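Reading through the structure tokens given below for one structure.
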Amino acid sequence: MTARIGVVTFPGSLDDRDAQRAVRLAGGEPVALWHRDADLQGVDAVILPGGFSYGDYLRAGAIARFAPAMTSVVEQAGRGLPVLGICNGFQVLCESGLLPGALTRNAHLHFVNRDQRLRIESADSAWTSGYTAGQEVVVPVKNGEGCYVAATAVLDELEGEGRVIARYLGSNPNGSARDIAGIRNAAGNVVGIMPHPEHAVENLIGTAGSDGLGFFTSVLRSLVTT
Amino acid sequence: MSAQPVDTVSHAASSPEVAQPYDELGLKGDEYTAIREVLGRRPTQTELAMYSIMWSEHCSYKSSKVHLRQFGDLPKGDRMLVGMGENAGVVDVGEGLAVTFKVESHNHPSYVEPYQGAATGIGGIVRDILTMGARPVLVMDPLRFGDADHPDTKRVLPGIVAGIGGYGNCLGLPNIGGEVVFDPSYQGNPLVNALCLGVMPVDRIQLSAARGVGNVVVLLGAKTGRDGIGGVSVLASATFDEDGPARRPSVQVGDPFAEKLLIEACLEMYDAKLVEGIQDLGGAGLTCALTETSAAGRSGMRAHLERVPLREASMEPHEILASESQERMLAIVTPENLPAVLALAEKWGVLATAIGEVTEGDRLVVTWHDEVVVDVPPGSLADDGPVYERPMTRPADLDALQSAAMPAHPSTGELRDLLLRMVASPNLCSRRWVVEQYDRIVLGDTVLAWPEDAGVVRLSEQTGLGIALATDGNGRFARLDPYAGAQLALAEAYRNVAATGAIPIAVTNCLNFGSPEDPEVMWQFAEATRGLADGCRALATPVTGGNVSFYNQTADTAINPTPVIGVLGLLDDVARRTPMGFQEQGESVLLLGETREELGGSEWAWAEHRHLGGRPPAVDLERERVLGEVLVSGSRDGMLSSAHDLSDGGLAQVLVESALSRGVGARIVLPEALGPFVQLFSESAGRALVTVPRSEELRFTEMCSVRGLPCARIGVTDGSSLEVQDVLSVPLEELRTAHEATLPALFGPLAGDTAPAHPVVTAPATGLQLG
Amino acid sequence: MTASLPVMAVHQVVVDVMLKPEILDPAGQAVLNALPSLGLPAAQGLRIGKHVELALVAEDADTALEQATKMAEVLLVNPVIEDFTVRLLP
Amino acid sequence: MTASLPVMAVHQVVVDVMLKPEILDPAGQAVLNALPSLGLPAAQGLRIGKHVELALVAEDADTALEQATKMAEVLLVNPVIEDFTVRLLP
Ligand SMILES: Nc1ncnc2c1ncn2[C@@H]1O[C@H](COP(=O)(O)OP(=O)(O)O)[C@@H](O)[C@H]1O
Ligand SMILES: [Mg+2]
């Protein structure tokens with residue numbers, strides 16, 4: 001049986017359909033989840049998609065974390081449910097305390113959309129197990145508040161525990177501390193990533209290729225084997 | 001309730017002598033007389049406000065109507081489902097799908113307040129598309145600015161680009177193309193045109209007609225404030241002595257989040273078949289929506305103005321009707337469906353208010369706390385506005401311009417440096433600085449976007465059905481010859497679309513001109529519309545809609561006439577799209593079409609000599625059609641590796657762009673005729689550069705000769721530099737540096753570059769609308 | 001309404017939110033750097049934060065301040081990167 | 001330095017920038033509308049602006065205020081849509 005992966009739609013979510021497509025192309029069954037619904041319909045994993053939840057006017061992800069769906073996500077993530085936050089989803093994960101640190105305004109003050117070279121730093125998470133550590137991939141970034149910040153001690157801890165899962169190569173598109181593009185929680189089931197793997201799943205679409213598909217096949221494989 | 005007594009219909013009937021400030025509202029004396037005749041009395045203050053808006057140039061098209069009729073007379077083809085006149089034209093693309101697309105201007109607001117002006121330009125055109133029943137799926141932004149190094153361009157351009165991005169990105173619409181053009185004629189009057197395209201099942205097309213007595217008129221979306229009430233604010237000061245707070249018309253501020261919710265709510269309503277008619281609120285706000293829906297339905301309507309949710313309680317009836325607050329729609333709903341509509345609105349957090357009903361008869365009646373302030377035949381506002389045949393004269397300076405001597409040609413030894421200067425010049429340099437601020441990939445169907453000739457978007461994942469879109473306009477060509485200029489713009493957009501392998505099927509346009517009261521401008525306008533209509537007939541691409549923007553001028557100087565033409569193309573399988581860049585080493589480089597010495601109005605003459613004179617390149621639409629056929633067939637039969645149309649900057653520019661795309665160089669041998677300078681920089685129309693694998697070369701060249709299309713093998717892709725034999729050789733890295741450095745040097749570094757950021761002072765108050 | 005019920009009134013409260021000093025403020029930095037080129041007096045420091053004006057219905061000013069503080073802590077401020085102050089508008 | 005030269009000191013000045021009252025404030029609206037669902041006390045109004053903290057070197061407070069006003073007018077504030085206030089921090 002294929003795994004069912006939920007994609008939460010908040011008001012202002014934009015990449016929800018893209019995330020669903022990525023799940024489908026990876027071989028899973030996407031399930032649309034609604035922010036007002038605390039019931040996660042028994043999905044095997046959850047994706048918080050990119051976008052501008054609530055317009056992101058106050059602070060990216062600040063309001064979305066209060067959604068009933070998020071209460072369930074936080075609770076079930078604590079019990080090991082794989083959760084992937086992409087871009088705005090990463091911001092929501094930080095706001096809701098599932099991941100440390102915060103995402104602030106890009107250092108150059110502009111929204112930036114470009115194909116970005118990344119190094120997968122750790123294959124030790126539910127969403128990156130299909131890559132090998134050190135592997136280079138190209139995935140698009142597109143964000144205005146993608147600059148990852150955290151206290152030095154937190155950064156050191158993330159590095160020390162191998163919890164930085166992806167790093168920007170070449171130029172750092174938003175000024176992130178230590179070129180961090182994505183991190184995971186200690187257990188490895190919760191991952192936040194600023195670039196958009198769901199936009200790199202078909203060679204025909206965009207210019208980045210299909211390097212991002214691995215995030216979705218990784219989780220599907222880990223769900224089948226566990 | 002309003003503090004002042006309002007001017008009711010009965011009061012107006014009994015006080016014919018009251019003097020009214022019609023001329024301050026932009027109405028002519030005879031127009032005011034016509035209003036009194038229509039009503040059989042003087043208009044109330046509120047009615048006067050409504051007529052002044054609806055009979056303005058912007059809403060009534062009073063100067064352009066007689067010319068635009070030519071577009072309506074064009075053969076419709078068998079794809080057009082809805083033509084001009086509705087909010088946007090609708091084209092059948094097969095597989096049960098239809099697309100609707102349109103381009104509109106937001107020039108003046110974007111000069112006053114670049115960020116918000118451009119942002120609300122996107123918001124407005126997206127609502128036009130939504131109104132037709134379609135899900136908006138992409139935007140494009142043809143932009144024009146003053147000189148790149150003019151200080152005011154530093155204020156205007158970053159704000160406009162941030163505004164387009166801020167709104168479009170937050171709506172989740174990929175930006176798949178546009179234009180950035182610099183010319184001093186746009187100093188003080190930048191052009192911000194915005195295009196949107198939407199997709200729908202054919203049976204979901206919505207119309208704006210309000211029908212069915214007893215049906216409810218529902219206002220959806222944002223609260224109404226004193227946004228953009230413009231000229232109408234004189235009514236306040238003309239009637240009341242004290243200048244209350246916030247009488248000044250205010251800039252419209254966009255709320256893309258509210259619009260995103262409005263889109264999702266409306267689409268769910270359409271799918272559930274809950275609305276009988278729908279109309280967006282754009283320019284002229286409620287006035288326009290109420291009159292157009294009732295006029296289109298040949299129905300009566302009653303609106304209770306005090307029910308409209310307001311941002312400021314002190315607003316007067318005429319202000320509520322004139323407000324251009326963004327992110328609002330007007331839906332006509334049966335009483336049975338009203339609860340479901342309200343529930344869907346609630347689901348998406350959209351305000352929904354029943355403000356009126358469709359009535360017997362044919363009067364639009366607006367009440368304010370039960371007092372009748374408007375009682376008019378809606379058609380008199382929406383359809384029967386004044387129509388002018390404005391006087392026209394050929395510009396006095398045109399002969400001198402056309403016969404101006406061209407600057408001397410450079411020697412062959414100078415061409416290497418010239419090439420590097422040209423690819424770095426503001427109009428030819430890389431647009432990366434602009435487009436990196438736009439989300440180009442959201443929705444996951446963008447097949448081609450910047451820097452390709454046309455944007456290509458997939459409509460169906462199952463079949464690969466897709467569309468291509470390009471916009472073009474060349475104000476210098478149109479200045480030298482508006483008839484030819486309009487056709488050259490059409491031909492270029494057509495060629496761009498065909499270069500991707502798509503069959504061009506329909507046209508939209510945004511006609512940006514100076515004042516119609518200037519006979520020379522009016523002549524330019526008439527010539528351009530005639531040229532466009534003739535061109536569309538020749539290419540069998542019907543005009544589905546468009547927009548006219550007049551009064552683009554500073555003091556007495558008009559902008560270069562700038563018809564911006566958008567061409568829609570169709571691909572039955574986007575996997576067959578042809579990219580613009582060289583793909584592989586060792587492929588044949590073929591030049592299609594014919595090069596003549598055509599440098600009048602060229603980028604070379606302008607960039608090197610600030611010279612604008614001579615005649616624009618000759619137009620041969622039959623040649624364009626054949627070239628298009630060859631490009632489409634070449635893509636269908638899998639013969640082409642790349643195709644790139646020639647336009648601004650000529651062959652030189654296209655060689656550089658094609659080589660930089662994937663870092664594949666070329667060795668070129670130019671034809672002997674005309675000499676290397678003309679071969680490289682002439683802007684003859686009807687040409688494209690293609691690459692084909694050796695194995696396909698013969699088949700392809702035979703196809704060209706069968707169709708009578710000149711095709712010359714001019715070289716081979718090779719190495720990592722651009723070499724033109726006996727003329728120049730430049731490593732691609734040197735070209736790339738020159739091509740990419742210009743805009744960052746002018747407007748600030750790109751993301752990730754080490755130099756400090758430039759301050760963004762035009763962003764919204766929070767400065768945080770970045771995502 | 002009986003006399004014993006508290007009288008509610010609208011209180012204007014301001015919450016100012018600033019990035020913590022150790023967090024980079026690129027917007028402030030950009031403005032600071034631009035000052036000299038605009039012919040403006042140089043500043044020694046310049047930081048840009050958010051200014052939130054609230055109209056709160058409460059029985060007294062203290063309650064309104066309390067409510068605003070709660071709102072700041074829960075929603076308006078991200079304590080990982082931001083500090084805030086709350087004050088009544090006169 | 002002679003005694004007659006003015007003594008320069010650092011003054012902390014705040015410029016608060018708000019959208020004009022008649023201008024839509026999407027940020028404030030989005031937060032205001034979300035409040036009830038977050039279990040927070042409702043507000044009657046909520047508007048979000050910018051709070052700019054400046055450290056200015058000037059001979060006296062008045063000069064610092066003047067400098068800040070100039071900066072606001074030229075750079076910090078978009079007069080088409082925003083108003084501002086300037087004050088000294090104690
Ligand atoms: N304002 C803009 N927004 C988005 N894309 C743009 C913009 N300006 C230019 N582009 C893109 O940059 C590329 C080059 O533009 P241009 O030189 O005008 O193309 P062409 O000459 O083929 O019409 C095209 O892909 C175009 O769509
Ligand atoms: Mg082109």
Side-chain angles (χ1 to χ4, degrees), chain A residues 9 11-22 24-25 34 36 50-60 87-88 91 104-116 140-146 168 170-175 196 198-208, chain B residues 158 161-162 165-166 169-175 255-258 260-261 264 347-349 432-433 435-449 452 457-458 461 464 574-575 577 579 748-760 763-771:
Chain A
T9 297
S13 289
L14 305 177
D15 300 309
D16 42 352
R17 263 166 287 224
D18 305 58
Q20 290 173 19
R21 180 192 288 117
R24 187 157 35 76
L25 292 175
W34 181 238
R36 273 192 197 169
F52 290 72
S53 54
Y54 296 89
D56 274 359
Y57 296 124
L58 174 68
R59 217 172 48 245
C87 193
N88 195 225
Q91 293 157 343
T104 60
R105 191 163 178 191
N106 291 351
H108 51 85
L109 303 172
H110 294 298
F111 184 95
V112 60
N113 176 191
R114 63 164 68 138
D115 293 340
Q116 178 70 41
V141 286
K142 44 164 211 171
N143 61 67
E145 292 182 54
Y168 299 116
S171 75
N172 176 334
N174 43 36
H196 289 258
E198 85 284 18
H199 286 312
V201 292
E202 292 180 88
N203 287 328
L204 178 66
I205 300 299
T207 42
Chain B
V161 170
N169 297 344
C170 191
L171 276 188
L173 296 179
N175 184 311
D255 182 350
F257 172 57
K260 168 72 177 164
L261 301 181
E264 299 302 335
K347 171 184 172 188
W348 284 101
R432 178 186 298 279
W433 190 92
V435 297
E436 277 201 341
Q437 298 188 45
Y438 301 154
D439 188 340
R440 310 186 294 281
I441 52 179
V442 60
L443 299 180
D445 287 310
T446 304
V447 178
L448 298 178
E452 300 288 341
V457 169
R458 178 174 66 185
E461 238 177 298
V574 289
R577 88 291 184 209
L750 290 166
D753 287 358
T754 40
H758 279 212
V760 182
T766 54
L768 289 172
Q769 198 187 324
L770 286 164

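What you see is a predicted model, and the numbers here were worked out from it, not measured in a lab. In what follows, chains are A, B, ... by sequence order, proteins preceding strands, each numbered from 1.
- Considering only heavy-atom pairs separated by less than 4.5 Å from chain B, the leading option among A/Asp16, A/Val112, A/Leu204 is A/Leu204.
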Mind running salt bridge (Lys or Arg N to Asp or Glu O under 4.0 Å) on A/Lys142 and B/Glu436 for me, showing each step along the way? CA-CA 9 Å; A/Lys142 44 164 211 171; B/Glu436 277 201 341; over 6 Å; no
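- Residue A/Thr207: no heavy atom, backbone or side chain, is found under 4.5 Å from chain B.
- From A/Asn143, atom CG reaches atom CG of B/Asp439 across 10.5 Å, with rounding to the nearest 0.5 Å.
- Proximity to chain A (any heavy atom under 4.5 Å) is restricted, for B/Leu171, to the backbone atoms N, CA, C and O.
- Contacts between A/Tyr168 and chain B at a heavy-atom distance below 4.5 Å are absent for every atom of the residue.
- Here the closest heavy-atom approach between residue A/Pro11 and residue B/Leu261 is recorded as CB-CD2, 3.7 Å.
- Using a 4.5 Å heavy-atom cutoff, the side chains of B/Ile441 and A/Ile205 are not in contact.
- Annotation: maximal heavy-atom pairing with chain B below 4.5 Å, among A/Asn113, A/Asn203, A/Leu14, occurs at A/Asn113.
- In this structure, CD on B/Glu461 lies 6.0 Å from CG on A/Leu25, to the nearest 0.5 angstrom.
- A heavy-atom distance below 4.5 Å is found between the side chains of A/Phe52 and B/Asn169.
- In this pair, A/Trp34 and B/Trp348 present their aromatic rings perpendicular. The plane angle is above 60°, beyond the 30 to 60° band.
- Put simply, the side chain of A/Arg114 gets close to the backbone of B/Ala751: a donor and an acceptor are under 3.5 Å apart.
- Rounded to the nearest 0.5 Å, atoms NE2 (A/His110) and CG (B/Leu750) are 8.5 Å apart.
- Among the candidates A/Glu198, A/His196, A/Arg36, the residue making the largest number of heavy-atom pairs closer than 4.5 Å to chain B is A/Arg36.
- Using a 4.5 Å cut-off between heavy atoms, B/Arg432 makes no contact with chain A at all.
- A/Glu202 touches chain B through its side chain: at least one heavy atom from C-beta onward sits under 4.5 Å away, while N, CA, C and O do not.
- Of the listed residues (B/Gly444, B/Ala258, B/Pro174, B/Gly349), the one with the most heavy-atom contacts under 4.5 Å to chain A is B/Gly444.
- A donor-acceptor pair is defined here as one N or O able to donate and one able to accept, closer than 3.5 Å; such a pair exists between the side chain of A/Tyr57 and the backbone of B/Phe257.
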Step by step, work out the salt bridge (Lys or Arg N to Asp or Glu O under 4.0 Å) result for B/Glu264 and A/Arg17. CA-CA 13 Å; B/Glu264 299 302 335; A/Arg17 263 166 287 224; 3.7 Å; yes
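- Contacts between A/Asn172 and chain B at a heavy-atom distance below 4.5 Å involve the backbone alone (N, CA, C, O).
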Using the rule given for salt bridge (Lys or Arg N to Asp or Glu O under 4.0 Å), can you reason through A/Asp115 versus B/Arg440, listing the C-alpha separation, both sets of side-chain angles and the distance that settles it, and then say yes or no? CA-CA 11 Å; A/Asp115 293 340; B/Arg440 310 186 294 281; 5.9 Å; no
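- Looking at B/Val574, both its backbone and its side chain come within 4.5 Å of chain A, counting heavy atoms on both sides.
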